[in-house]
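Scroll down for the structure; my scribbles are underneath it.
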Number of protein chains: 2
Amino acid sequence: MELLLNHIKKFIELNDDQISHICNSFYIITAPKRKLVLNEGEMCTHLYFVVKGCLRMFYFDEKGVEQTVQFALENWWMTDIDAFNKREKSIFSIQAIEKTTLIGIRKIDFDLLLTDHPSLEKYFRMIYERAYSASLYRMKYARSSKEDFYYLFCSKYPDFIQRVPQKLLASFLGFTPEYLSELRKKNSKVRP
Amino acid sequence: MELLLNHIKKFIELNDDQISHICNSFYIITAPKRKLVLNEGEMCTHLYFVVKGCLRMFYFDEKGVEQTVQFALENWWMTDIDAFNKREKSIFSIQAIEKTTLIGIRKIDFDLLLTDHPSLEKYFRMIYERAYSASLYRMKYARSSKEDFYYLFCSKYPDFIQRVPQKLLASFLGFTPEYLSELRKKNSKVRP
DNA sequence: TTACTTTCTTAAACCAGCTTAAGTTTTTTA
DNA sequence: TAAAAAACTTAAGCTGGTTTAAGAAAGTAA
């Protein structure tokens with residue numbers, strides 16, 4: 001819970017009343033590796049904050065192949081927002097890809113929290129700005145050749161590519177595992 | 001200005017004080033067709049709201065080809081948020097693709113407005129949630145075959161495809177104008 | 001109306017990235 | 001620690017979408 005509070009404090013100030021309300025609204029969840037935190041087609045009742053570990057959001061395409069849309073590492077929020085807000089069935093699944101510690105909040109409690117403490121709106125406004133901006137940025141770089149996108153991603157997030165299975169990395173970058181394998185081979189010849 | 005106020009009122013309530021502060025912070029801009037509202041590489045000092053007309057956001061890829069990232073029709077906001085927030089040079093350009101009426105606000109005034117009227121944070125939190133969600137949604141559909149993406153887009157936004165030049169539509173959907181032409185030809189044989 | 005510019009179309013040649021299929025290595029489970 | 005399952009590699013053949021190039025149509029301006 002400490003980590004969530006610290007993260008919020010990076011953006012806005014919190015008084016004791018707010019801190020206690022936050023602590024009472026969120027609860028801690030531990031998800032083992034591979035655990036599905038949200039299932040495509042189900043109601044999306046929770047918003048999650050990653051304390052430790054890593055989540056991925058994905059869906060099954062028309063051929064039944066899993067397509068990874070985004071990852072959430074420590075200090076990132078994740079949910080199918082549209083489903084969460086509109087109380088609809090989710091179009092994405094969310095899965096822990098490592099043993100992950102989450103802090104979750106139910107939609108009802110989230111709405112209450114924001115109503116009682118409107119100053120938190122600013123925090124979430126900034127969080128969504130950041131998420132939106134990251135998704136535009138990614139859209140931009142995903143349009144270059146897949147090879148370029150891979151090299152850019154490697155140089156930008158070297159730690160991350162160590163941490164996540166190649167299969168998922170390939171699915172996130174938008175290509176097949178076979179092609180990723182080929183790129184790695186090519187690259188290892190250049191810098192052995 | 002009326003239209004902006006109405007749009008905000010769809011999400012939150014406004015008192016007279018807020019209304020007058022808003023009216024004093026924003027100003028009206030008219031951009032003729034093709035006018036560049038923001039130039040890649042320049043400081044991005046403004047946030048824009050489209051009252052009438054249409055904007056597009058784009059950049060030049062490594063080959064010098066324009067890539068359209070998104071459009072903003074009536075009642076949508078547009079800016080290079082990252083550049084706007086961090087007071088950095090923009091990585092996107094913004095152009096009016098029709099004669100467009102905008103309402104603009106400078107970064108300084110925007111910050112002041114939100115500080116003086118924190119209840120507006122909620123409005124912008126929701127705006128960015130929506131923008132983020134739309135961009136995820138689009139990412140999902142952009143991964144199917146380009147042909148499918150085109151048909152999906154046509155059936156979802158039939159008015160919009162009438163309104164925007166095919167060249168820009170192709171660039172937005174992520175393929176060449178030549179290929180779009182081919183798809184149209186193919187489609188016109190099916191339903192003449 | 002004419003000239004100029006931009007957009008759209010057509011078609012053939014080409015290639016980045018996919019598919020398939022089989023083998024190898026690593027991880028998980030019992 | 002052995003067997004099963006999952007992840008990764010390799011390579012050949014294939015295809016959706018690009019490139020190139022040239023002409024037709026539609027806008028824009030004078």
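Residue numbers start from 1 in every chain, and the chains themselves are labelled A, B, ... in the order their sequence lines are given, proteins ahead of strands.
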**Message:** D:dT18, OP1 or OP2 - any side-chain N/O from B:Lys146 closer than 4.0 Å?
**Reply:** yes
**Item:** Validation row: A:Ser181, A:Arg184 side chains within 4.5 angstrom (heavy atoms)
**Value:** no
**Request:** Choose from C:dG17, C:dC8, C:dT19 the nucleotide whose nearest atom is closest to any side-chain atom of B:Pro165.
**Result:** C:dC8
**Message:** Please classify the nucleic acid contact of B:Tyr179 as base, sugar-phosphate, or nothing, using heavy-atom distances under 4.0 Å.
**Reply:** base
**Complete:** Judged by nearest nucleotide, the residue sitting upstream toward the 5' end of DNA chain D, A:Glu178 or B:Phe175, is A:Glu178
**Prompt:** Would you call B:Ile127 and B:Phe49 a side-chain contact if the rule is heavy atoms closer than 4.5 Å?
**Reply:** no
**Message:** Here's a test of your reading of the structure: between A:Gln166 and B:Ser144, which maps to the more 5' nucleotide of DNA chain D?
**Reply:** A:Gln166
**Prompt:** Does any non-hydrogen side-chain atom of B:Ile94 lie less than 4.5 Å from one of B:Asn39?
**Reply:** no
**Message:** What's the closest nucleotide to the side chain of B:Glu147 if the choices are D:dG17, C:dG17, C:dT19?
**Reply:** D:dG17
**Prompt:** Rounding to a whole Å, what distance do you find between B:Leu183:CG and C:dA11:C1'?
**Reply:** 15 Å
**Prompt:** In whole angstroms, how far is the C1' atom of C:dT6 from the CZ atom of B:Arg34?
**Reply:** 7 Å
**Request:** Return the nearest nucleotide to the side chain of A:Lys185; candidates are D:dA11, D:dA21, D:dT18.
**Result:** D:dA11
**Prompt:** Do B:Phe149 and B:Tyr151 have ring centres separated by under 6.0 Å?
**Reply:** no
**Message:** Measure CD1/A:Ile97 against C1'/D:dA7 and give the value in whole Å, please.
**Reply:** 14 Å
**Message:** Below the 4.0 Å mark, does C:dC18 have OP1 or OP2 next to a side-chain nitrogen or oxygen of A:Thr176?
**Reply:** yes
**Message:** Working note: B:Glu147 + B:Lys186, criterion salt bridge (charged side-chain N to carboxylate O under 4.0 Å, His left out); need CA distance, chi angles, decisive distance, verdict.
**Reply:** CA-CA 11 Å; B:Glu147 188 169 353; B:Lys186 199 161 146 188; 3.0 Å; yes
**Prompt:** B:Gln162 CD to D:dA26 P: how many Å, rounded?
**Reply:** 15 Å
**Item:** d(NZ, B:Lys167; C1', D:dA26) in whole Å
**Value:** 14 Å
**Item:** B:Lys33 NZ to D:dA29 C1', straight-line distance once rounded to whole Å
**Value:** 14 Å
**Prompt:** Would you say B:Arg184 reaches C:dT9's phosphate, i.e. side-chain N/O to OP1/OP2 under 4.0 Å?
**Reply:** yes
**Item:** Rounded distance (Å) that lies between atom P of D:dT15 and atom CD of B:Glu182
**Value:** 16 Å
**Message:** Between P on D:dA6 and CD on A:Glu66, what's the gap in Å once rounded to a whole number?
**Reply:** 12 Å
